[in-house]
Amino acid sequence: MKKVFAGLFIMMMGLFFVACSGAGDIKGLIEKAKAEGANWTEAQWKDAYKQAMTAAKPMFQDLSDLEKKAQDPSVSDEDKIKLMGELGTVMDKYKDLGAQLQELQKIVEANPTASKVINDLSFQEELQKELGVDLKSF
């Protein structure tokens, strides 16, 4: 039963990352990427990605905290159900940010240089260390 709740929680977190939005505002970055992104260098895309992830850090931290609680073996099944309710609250909190991240993702996918940056594992690891958040979970 505990594995079922943990699995549900993890699936909801994945769904949240794809479907939610929220706290950080990256609209300016999106507009700049739309207007100038086709001419950006790899370094400029790294800076843009770093800005976006920095804006999203509070969301990642909140999700990480919920995930840790859900995986704690001392947490009862009843408390794990309550955590699902907390997840809904977090989803509402970051509603706008998720939409912004999705829009930025579309821009990145359409740009070969940006796609290269997103798939650079050493850059990802460096950014995770700098932000202090495990982005692999998301």
Decide yes or no on side chain to side chain contact (heavy atoms under 4.5 Å, CB included) for Asp96 and Lys27, but give the supporting numbers first. CA-CA 10 Å; Asp96 295 332; Lys27 288 180 183 178; over 6 Å; no
Could you report the tightest heavy-atom contact between [X] and [Y], atom names first, then the distance?
{"X": "Ala33", "Y": "Ile107", "value": "CB-CG2, 4.1 Å"}
{"X": "Thr41", "Y": "Thr113", "value": "C-CG2, 3.9 Å"}
{"X": "Ala52", "Y": "Leu104", "value": "CB-CD2, 3.6 Å"}

Taking atom NZ of Lys57 as the centre, report whether more than 12 heavy atoms of other residues, nucleotides or ligands fall under 6.0 Å from it. yes
How long is the gap from [atom1] on [X] to [atom2] on [Y], to the nearest 0.5 Å?
{"X": "Ile81", "Y": "Ser76", "atom1": "CD1", "atom2": "OG", "result": "8.5 Å"}
{"X": "Gln105", "Y": "Leu101", "atom1": "CD", "atom2": "CG", "result": "9.0 Å"}
{"X": "Asp77", "Y": "Lys80", "atom1": "CG", "atom2": "NZ", "result": "6.0 Å"}
{"X": "Glu67", "Y": "Phe60", "atom1": "CD", "atom2": "CZ", "result": "12.5 Å"}
{"X": "Gln128", "Y": "Met53", "atom1": "CD", "atom2": "CE", "result": "11.0 Å"}

Contacts of type side-chain contact (heavy atoms from CB on, under 4.5 Å), residue [X], not counting sequence neighbours:
{"X": "Asp47", "answer": "none"}
{"X": "Glu103", "answer": "Ile30, Lys34"}
{"X": "Glu36", "answer": "Lys32, Trp40"}

Side chain to side chain, [X] and [Y], heavy atoms closer than 4.5 Å:
{"X": "Trp45", "Y": "Lys116", "result": "no"}
{"X": "Leu29", "Y": "Gln100", "result": "no"}
{"X": "Lys82", "Y": "Glu78", "result": "yes"}
{"X": "Glu109", "Y": "Ile118", "result": "no"}
{"X": "Tyr49", "Y": "Gln124", "result": "yes"}
{"X": "Thr54", "Y": "Gln51", "result": "no"}
{"X": "Leu63", "Y": "Met59", "result": "yes"}

Test: Lys69 and Asp79 ion pair at under 4.0 Å: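 Judged by the 4.0 Å cut-off on N to carboxylate O distance, Lys69 and Asp79 do not form a salt bridge.
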Side-chain donor/acceptor of Asp62 to backbone N/O of Val90, under 3.5 Å: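 No.
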